[in-house]
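One structure is given below, encoded as structure tokens.
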Amino acid sequence: MYTDAKELYARHGVDTDAAIRTALSIPISINCWQGDDVIGFEKGARALSGGIQTTGNYPGRARTPEELAADFEFAASFIPGAKKLNLHASYLVSGRDVDRDGIEPEDYRFWVDLAKRMGIGLDFNPTCFSHPMVVNNLTLSSPHREVRDFWIEHCRRARRVAAYFAAETGKECVCNLWIPDGFKDTPADRLTPRLRLKEALDEIFSERLEGVVDSVESKVFGIGVESFTVGSNEFYLGYAKGHPGVYQLLDSGHYHPTEVISEKISALLTQFDRIPLHVTRSVRWDSDHVVRLDDELCEIAKEIVRDKATDKVMIGLDFFDASINRIVAWVVGTNNMRKALLKALLEDEARLKADQEAEDYSHLFAYSEYMKQLPWSDVWRRLEEVGGVKGGFDWYSDVKKYEEDVLLRRV
Ligand code: RNT
Ligand code: ZN
């Protein structure tokens with residue numbers, strides 16, 4: 001089937017072997033927090049709060065670093081291609097009783113060891129939620145100096161952890177800052193909190209660090225902070241533009257319901273040399289569903305490929321579904337991202353772009369729809385072989401067995 005597919009694609013000027021190689025080489029950063037419902041390993045770890053929520057109580061959530069690492073490695077064995085592990089500061093593995101304003105690179109050595117063993121990179125995030133120092137839903141924009149200072153210190157230290165990851169793995173580390181700051185009801189003053197956030201960011205980003213790609217993540221609203229978000233799209237976009245080395249991260253769930261990030265990638269590429277992403281799926285709101293191979297996912301991948309931006313767009317995932325087997329979520333979500341990339345790589349880009357330039361919209365329409373019926377799934381099957389994973393649907397029974405043998409015993 002692959003031989004036939006290869007021939008058919010070749011007739012359209014597409015080299016399937018090259019597409020497979022490229023698709024396998026693009027790193028996808030897998031969010032650790034899908035494995036444990038965003039709880040982490042701090043002493044007295046608390047339930048998730050800060051405008052985000054996991055729902056569902058599917059059994060088998062990872063409760064310890066060892067369990068999370070084992071689950072992740074197991075999931076990774078069904079995910080072909082380059083990968084990174086995306087960690088939050090709350091996933092420290094430390095013998096010390098340390099609060100967030102005291103974290104040290106050493107507290108994350110466990111993950112560096114895992115990354116080295118697996119030959120993968122790491123990304124990082126300060127954790128500015130699920131903590132008593134989030135006072136009235138505010139962190140870096142709080143009116144209280146001590147609250148701001150606490151989070152500034154946390155973020156400064158988180159960036160140093162990111163630099164440590166980069167140095168140890170030899171791969172760039174995205175250090176992404178998201179804060180939940182906002183108001184439930186209409187604020188009297190929108191400007192003052194934003195000015196405070198800007199000042200806090202200046203302090204956080206004042207230190208230059210090797211290997212760290214800093215990003216700031218905007219949002220429209222969260223649960224409990226429906227009326228106002230301090231770190232809005234315009235706020236962070238402007239901030240990033242004025243601060244070289246700081247980039248805006250696009251999360252596909254953080255815009256108005258008909259607004260899509262696939263449309264924003266090219267716009268940002270005219271201004272920035274890096275675009276970190278949080279690929280997720282919002283169902284009516286920022287619900288963080290596991291990504292399906294849907295139109296928007298394909299459009300995101302298409303943008304990355306057509307804009308020749310595979311080394312500029314840094315793909316990270318950000319879903320957390322506690323209602324299904326978490327390994328299934330990791331495997332299907334991550335592979336969907338790579339399937340979308342492969343599909344994009346298998347399109348006759350040259351002709352489609354030429355159609356647009358020649359304003360032959362009829363051919364563009366007919367031909368791009370025709371491309372959809374070509375046997376990309378046979379090429380994917382080959383990609384699974386090259387990537388050395390058990391493909392098709394066979395992996396599912398292995399995960400089911402792992403569920404019985406391992407996950408269901410976690411009671
Ligand atoms: C929240 C943001 C943020 C988090 C993770 C856990 O709306 O998307 O990225 O989901 O940091
Ligand atoms: Zn996100």
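Computed from a predicted model, the values in this text were never measured in an experiment. Numbering of residues begins at 1 and proceeds along the displayed sequence. Numbering of ligands and ligand atoms starts at 1, following listing order.
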Q.
Contact between ligand 1 and D318 is defined here as a heavy atom of the residue under 4.0 Å from a ligand atom; is it met?
A. yes
Q. About how many Å separate CH2 of W111 and SG of C32, when rounded to the nearest 0.5 Å?
A. 6.5 Å
Q. In D318, the N, O or S atom nearest to the Zn ion (ligand 2) is which?
A. OD2
Q | R100 side, atom CZ; W151 side, atom CH2 - distance, nearest 0.5 Å | A | 4.5 Å
Q. Taking only heavy atoms of H254, which atoms of ligand 1 are found under 4.0 Å from at least one of them?
A. 1 (C), 2 (C), 7 (O), 8 (O)
Q.
Heavy-atom pairs closer than 4.0 Å: do any link ligand 1 to the side chain of D286, the backbone, both, or neither?
A. side chain
Q) If you check every N/O/S atom of D251, which is the one nearest the Zn ion (ligand 2)? A) OD2
Q) Could you give the distance from CG (L195) to CZ (R190), rounded to the nearest 0.5 Å? A) 14.0 Å
Q.
Whether the N31 and H88 side chains hold a donor-acceptor pair (N or O, under 3.5 Å, no angle test) is what I'd like checked.
A. no
Q) Can you check whether E263 reaches V260 side chain to side chain, under 4.5 Å on heavy atoms? A) yes
(Q) Please name the atom of H278, limited to N, O or S, that comes nearest to the Zn ion (ligand 2). (A) ND1
Q. At what distance is the nearest protein heavy atom to atom 7 (O) of ligand 1, and which residue and atom is it?
A. K219 NZ, 2.7 Å
Q.
Using 2.8 Å as the threshold, say whether any N, O or S atom from H254 sits that close to the Zn ion (ligand 2).
A. no
Q: Report yes if N125 has an N/O atom closer than 3.5 Å to an N/O atom of ligand 1; otherwise report no.
A: no
Q) Of all the atoms in ligand 1, which lie at a distance below 4.0 Å from a heavy atom belonging to F320? A) 10 (O)
Q. Does R410 pair with E67 as a salt bridge, N-O distance under 4.0 Å?
A. yes
Q. Is a side-chain donor-acceptor pair under 3.5 Å present for H254 with N233?
A. no
Q) Could you state the interatomic distance from CG (D113) to CE (M118), rounded to the nearest 0.5 Å? A) 13.0 Å
(Q) With carbon and hydrogen excluded and only N/O/S kept, which atom of E217 is nearest the Zn ion (ligand 2)? (A) OE2
Q.
Among all protein heavy atoms in this structure, tell me which lies nearest to atom 6 (C) of ligand 1, with the distance rounded to 0.1 Å.
A. H88 NE2, 3.4 Å
Q) Tell me, which protein residue and heavy-atom name are nearest atom 9 (O) of ligand 1, and how many Å apart are they? A) E217 OE1, 2.7 Å
